[in-house]
Amino acid sequence: MKVLGIILAGGRGEYLSSLTQVRTSAALPVYGKYRSIDFTLSNMVNAGVSKVGIITQYSPRSLMDHIGSGKEWDLDRKQGGLFILQPYYSPYNPSMGYKGTADALFQNINILRRGNEDSVLIGSGDHIFKTDLTKIFRYHLDTAADITVLTGNKDGECGMEGMDRVVCKNGRIIKWIEKEKVSENPEEGDCVALGIYFINKFLLRELLYSAVPNGENELVKGIITPNLSSLNVREYRYNGYWRDIKLSKKCYFKTNLDILNPEIRRELFYENGRVFTKLKDLPPPKITGTASMNNSVIADGCVIGGKIEDSVLFRDTRVMAGATVKNSVLLEGCLVEEGAHIENVIMDKYCTVRLGRSFVGENEEPTVIEKHGVI
């Protein structure tokens, strides 16, 4: 089966405070040296998808710098490869922006016209999960589905509470409950929709042509929901680790610290293929004689002379002697000077905590220090 991959990576993630002022949520750093888009993109590549379109809109510079030509994912090729699909000005689009997910697909309809792919796999660039997508492809064929939707248990942890719910009967989705209406009847719905859709390419084109010119700009509300009774829309239940990091800064914080759990680390990085990312030529972390570390992830290029506990430190971060970092996430290039203490904090790139300063956030609501901030 030949599959075209489409990744929706244009969202801002407005609930993430200053973390998304300069980058889209799909470009958010995670787990020391990765970006959130790496997981959806790697899932597709591991399943044999060799042609991927990435739909961008909000603040794409950081994302495009990370993706580059796609060579780290083996997508710098003559046949297929990687396509960056940005909004553009035209007489039919004077606002130069996408009105919704269906409109974004419709404005890039050419990628659905060209090529010899039979099916389209649509995913989101800010979802963290790892699975074998070929199982979904086989399930789609075996059930003669028109659309297959990846679903998860509604009692899941961080990331599940802000998603649409679906009602299923014998594996077929018969009702779709949008997240805005979930609170009206919180018990309704068998599971949540995880934002992964598998559909025949020619059927998708027909649905887009029938919906978008009539003002229906959302993929779910305008295309899937109105056709639940006429199409065979199936669910594929996923029971593994899954997070939507754009829902809140607390969810982003917890997702990063989840990597300290050996079971989650094994599922994300040692099962169902590799996770590819853009590499940087940095030396291994340097641990001095004054350092003390417990249950933490230290990325390459770091210099550690202080005490690190239950934290994730990204590349090229320095923690000087006498400093303490506890239950925190420090992005690339941060500096914690001698005698400083930080706890329950997210430090964006290139932040500095000065000599002897103490900065402690709430455990349930971590504090964010914006990029280039100084405490």
Side-chain angles (χ1 to χ4, degrees), residues 16 19 25 28-39 42-43 126-131 152 156-161 239-277 282 284-288 291-319 323-334 336 340-349 351 353 359-369:
L16 289 166
L19 289 167
S25 57
L28 278 170
V30 291
Y31 304 143
K33 60 180 180 180
Y34 298 90
R35 302 284 183 130
S36 55
I37 196 173
D38 291 341
F39 291 85
S42 295
N43 281 331
D126 44 30
H127 295 172
I128 307 295
F129 71 107
K130 188 77 171 299
T131 189
E157 296 184 24
C158 170
M160 298 293 191
E161 66 273 11
N239 296 315
Y241 180 87
W242 184 92
R243 296 287 184 268
D244 182 359
I245 62 171
K246 69 176 178 293
L247 292 181
S248 67
K249 59 182 179 180
K250 177 183 175 182
C251 186
Y252 174 74
F253 179 71
K254 187 179 185 303
T255 300
N256 271 285
L257 294 184
D258 281 345
I259 199 63
L260 304 179
N261 184 327
E263 294 182 2
I264 295 175
R265 191 162 62 243
R266 186 182 307 110
E267 179 180 345
L268 288 178
F269 294 102
Y270 295 97
E271 298 176 1
N272 296 318
R274 297 171 57 190
V275 179
F276 302 95
T277 191
L282 291 172
K286 179 181 179 181
I287 313 300
T288 70
S292 171
M293 293 177 294
N294 180 42
N295 191 36
S296 298
V297 169
I298 311 296
D300 44 324
C302 290
V303 178
I304 308 299
K307 181 179 180 181
I308 314 295
E309 183 177 345
D310 300 323
S311 298
V312 176
L313 274 60
F314 283 65
R315 292 183 281 209
D316 208 23
T317 289
R318 291 172 291 163
V319 179
T324 303
V325 176
K326 184 177 180 181
N327 198 46
S328 295
V329 177
L330 279 59
L331 302 191
E332 183 177 343
C334 289
V336 183
H341 174 84
I342 64 170
E343 186 173 349
N344 303 327
V345 171
I346 302 172
M347 294 177 63
D348 207 337
K349 285 186 173 183
C351 290
V353 180
F359 195 79
V360 180
E362 297 292 333
N363 188 33
E364 292 300 317
E365 192 65 26
T367 302
V368 178
I369 304 176

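These figures come from a predicted structure and were not determined experimentally.
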Decide if atom [atom1] of [X] counts as having more than 12 heavy atoms of other residues, nucleotides or ligands within a radius under 6.0 Å.
X    : atom1 : answer
R315 : CZ    : yes
K307 : NZ    : no
K349 : NZ    : yes

Answer yes or no: is there a donor N or O on one side and an acceptor on the other, between the side chain of [X] and the main chain of [Y], under 3.5 Å?
X    : Y    : result
T288 : I304 : yes
D316 : G333 : no
T367 : N344 : no
Y31  : T255 : yes
S328 : S311 : no
D348 : I369 : no

Straight-line distance of [X] [atom1] to [Y] [atom2], nearest 0.5 Å:
X    : Y    : atom1 : atom2 : value
N272 : F129 : CG    : CZ    : 11.0 Å
R318 : C334 : CZ    : SG    : 10.0 Å
K130 : N43  : NZ    : CG    : 7.0 Å
N256 : L260 : CG    : CG    : 9.0 Å
R265 : E271 : CZ    : CD    : 12.5 Å
L313 : M347 : CG    : CE    : 9.0 Å

Quick check: closest heavy atoms across [X] and [Y], and the distance to 0.1 Å?
X    : Y    : answer
V312 : F314 : CG1-CE1, 3.9 Å
P285 : A299 : CB-O, 3.6 Å
G361 : V345 : N-CG2, 4.2 Å
D244 : C251 : O-SG, 3.4 Å

Practice task
For residues Y241 and F39, establish whether the separation of their ring centroids is below 6.0 Å.
Solution key: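 No - the distance between ring centres of Y241 and F39 does not fall below the 6.0 Å cut-off.
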Exercise for the section: Report yes or no: do D310 and N327 form a side-chain donor-acceptor pair below 3.5 Å? Expected result: no
Problem - Result of checking V368, I346, L19 against F253 for side-chain contact (heavy atoms from CB on, under 4.5 Å) - result: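 Running side-chain contact (heavy atoms from CB on, under 4.5 Å) over V368, I346, L19 with F253 returns exactly one hit, I346.
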Completion exercise
In I245, D126, L247, L28, the residue satisfying side-chain contact (heavy atoms from CB on, under 4.5 Å) with L16 is L28
Exercise for the section: Kindly assign one of parallel, tilted or perpendicular to the pair Y34 and F269, based on the angle between their ring planes and the thresholds 30° and 60°. Expected result: tilted
Exercise for the section: Report the C-alpha separation of L268 and D258 in whole Å, then their side-chain angles, then the decisive distance to 0.1 Å, and conclude whether the side-chain contact (heavy atoms from CB on, under 4.5 Å) test is met. Expected result: CA-CA 11 Å; L268 288 178; D258 281 345; over 6 Å; no
Problem - Check: K33 and L282 side chains under 4.5 Å, non-hydrogen atoms - result: no
Handout entry: Worked check of side-chain contact (heavy atoms from CB on, under 4.5 Å) between F359 and V336
Key = CA-CA 11 Å; F359 195 79; V336 183; over 6 Å; no
